[in-house]
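Remember, it's a predicted structure, so these values are computed and weren't measured experimentally.
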Amino acid sequence: MTAVIAIDGPSASGKGTVAARVAAALGMDYLDSGALYRLTALAAQQQNLAWDDEAAVAGVAAALDVVFADSQILLKGVDVSAAIRQEIIGMGASQVAKHPQVRTALLARQQAFAGERGLVADGRDMGSVVFPDAALKIFLTATAEERARRRALQLNIDLASEQYQAIVNDIKQRDFNDINRSVAPLQQLPDAYLLDTTELSIENAVKKVLEWYQQV
Ligand code: CDP
Ligand code: CDP
């Protein structure tokens with residue numbers, strides 16, 4: 001069976017960065033499951049659909065025409081890798097992600113990423129729903145303040161600006177949505193290793209994951 005490393009955790013905790021580096025170190029494939037929810041939110045917006053219209057958005061999710069190229073994500077052949085990173089699309093992603101029909105529509109597509117090379121997958125429900133038999137499960141987190149600081153640095157936003165305050169609020173709102181929804185909520189599973197990166201560098205976080213992987 002394919003080896004899967006499942007990395008779940010809240011927004012901007014470092015999941016994507018750590019997961020991609022672990023995948024590269026182990027020669028495994030990498031799945032950014034959040035990108036699929038972001039793509040669904042963006043595609044729905046492009047079709048003028050409301051994010052709370054569950055049936056319509058699930059139809060969009062099932063029909064996503066997406067290609068993950070090296071550094072690009074193509075939606076209907078157009079590079080949307082920057083467009084899906086906007087905070088408003090992150091918020092849209094967390095709204096469409098509440099719908100059970102949307103999650104079901106994206107399930108098989110996510111599982112299909114697990115091929116012969118093995119997979120490192122990051123998201124909110126990798127260890128609980130998508131890959132419950134993962135060889136290693138990690139809950140990656142950091143304080144909300146530190147995560148907002150990282151997101152602001154990533155987006156070149158001044159830490160003294162109103163825009164920064166908006167990011168702090170957005171991160172807290174998204175945490176609340178993801179933890180409190182009834183389907184596939186963000187949670188630390190009993191069989192997951194806790195990795196708090198508030199005061200941990202990317203390099204040391206990657207090292208820790210590789211160490212745990214050697215142990216299992
Ligand atoms: O990059 P960031 O951590 O901010 O978000 P993301 O991983 O791109 O995910 C965007 C949104 O999609 C999250 O706030 C979740 O609501 C949702 N999501 C989910 O429900 N399940 C996943 N496996 C991944 C993302
Ligand atoms: O995927 P997720 O939203 O959880 O986070 P990310 O996009 O991988 O990381 C958010 C930002 O935090 C990136 O700019 C990382 O370089 C940075 N980061 C950090 O400074 N220290 C860590 N230990 C992990 C990530």
Side-chain angles (χ1 to χ4, degrees), residues 1-40 61 64-75 77-85 90 93 97 103 106-142 147 150-151 153-154 184 186-216:
M1 209 179 59
T2 311
V4 175
I5 299 178
I7 302 184
D8 291 304
S11 181
S13 54
K15 301 180 301 297
T17 310
V18 172
R21 292 202 192 186
V22 168
L26 296 172
M28 292 183 169
D29 290 319
Y30 163 56
L31 165 64
D32 171 6
S33 65
L36 290 169
Y37 289 92
R38 288 173 178 269
L39 285 158
T40 302
L64 275 184
D65 171 5
V66 58
V67 175
F68 288 87
D70 281 345
S71 58
Q72 293 187 334
I73 299 179
L74 306 176
L75 180 63
V78 178
D79 181 13
V80 293
S81 39
I84 60 165
R85 296 297 152 201
R103 306 199 71 87
L106 293 175
L107 185 61
R109 199 187 280 262
Q110 295 172 79
Q111 289 169 335
F113 276 81
E116 278 173 14
R117 286 152 44 99
L119 183 71
V120 186
D122 93 67
R124 304 294 187 288
D125 63 342
M126 296 299 99
S128 57
V129 177
V130 182
F131 302 108
D133 299 326
L136 175 65
K137 299 181 186 181
I138 292 172
F139 188 79
L140 193 76
T141 189
R147 290 185 283 120
R150 290 177 186 171
R151 187 62 91 221
L153 287 177
Q154 228 175 2
L186 173 64
Q187 56 180 318
Q188 188 195 336
L189 300 168
D191 56 347
Y193 289 76
L194 174 66
L195 188 53
D196 186 328
T197 69
T198 308
E199 293 183 38
L200 199 64
S201 70
I202 295 169
E203 289 69 28
N204 285 331
V206 170
K207 249 194 216 163
K208 199 76 215 164
V209 176
L210 292 173
E211 248 174 62
W212 284 330
Y213 186 63
Q214 293 311 322
Q215 288 170 18
V216 301

So, R150 versus T17: side-chain donor-acceptor pair below 3.5 Å or not? no
Verify side-chain contact (heavy atoms from CB on, under 4.5 Å) between V66 and V80, making sure each step is shown before the conclusion. CA-CA 10 Å; V66 58; V80 293; over 6 Å; no
Within a radius of less than 6.0 Å around CD of E199, do more than 12 heavy atoms belonging to other residues, nucleotides or ligands occur? no
Least distance between heavy atoms, D79 atom then S81 atom: OD1-OG, 2.6 Å
For residues E211 and Q214, determine if any side-chain heavy atom of one lies less than 4.5 Å from a side-chain heavy atom of the other. no
Side-chain contact, heavy-atom cut-off 4.5 Å: I73 with R38? no
Looking only at heavy atoms, what is the nearest atom pair of P10 and R147, with distance? CB-NH1, 3.3 Å
Of all the heavy-atom pairs spanning A12 and R151, show the shortest one and how long it is. N-NH2, 3.5 Å
Exercise: identify the closest heavy-atom pair between A205 and T197: CB-CG2, 4.2 Å
Check for a donor-acceptor pair, side chain of D32 on one end and backbone N or O of G16 on the other, with a separation under 3.5 Å. no
Q111 side chain vs V130 backbone, donor-acceptor pair below 3.5 Å: yes
Compare all side-chain heavy atoms of F113 with those of D29 and state whether any distance is below 4.5 angstrom. no
Nearest heavy-atom approach of K15 to G123 is CD-O, 3.6 Å
So do L31 and F131 actually touch side chain to side chain, heavy atoms under 4.5 Å? yes
Is a side-chain donor or acceptor of D8 paired with a backbone partner of F139 at a separation under 3.5 angstrom? no
State whether the side chain of K137 and the backbone N or O of G127 hold a donor-acceptor pair below 3.5 Å, judged by distance alone. yes
Would you mind reporting whether V120 and V209 have side-chain heavy atoms less than 4.5 Å apart? no
Does a side-chain heavy-atom distance below 4.5 Å link L26 with L210? yes
Donor-acceptor pair, S13 side chain versus L140 backbone, under 3.5 Å? yes
Are Y213 and V22 close enough that some pair of their side-chain heavy atoms sits under 4.5 Å apart? no
Under a 4.5 Å cut-off applied to non-hydrogen side-chain atoms, are L194 and T141 in contact? yes
Is the number of heavy atoms from other residues, nucleotides or ligands under 6.0 Å of Q215 CD greater than 12? yes
Applying the side-chain contact (heavy atoms from CB on, under 4.5 Å) criterion to S33, which one of R124, Q110, R109 satisfies it? Q110
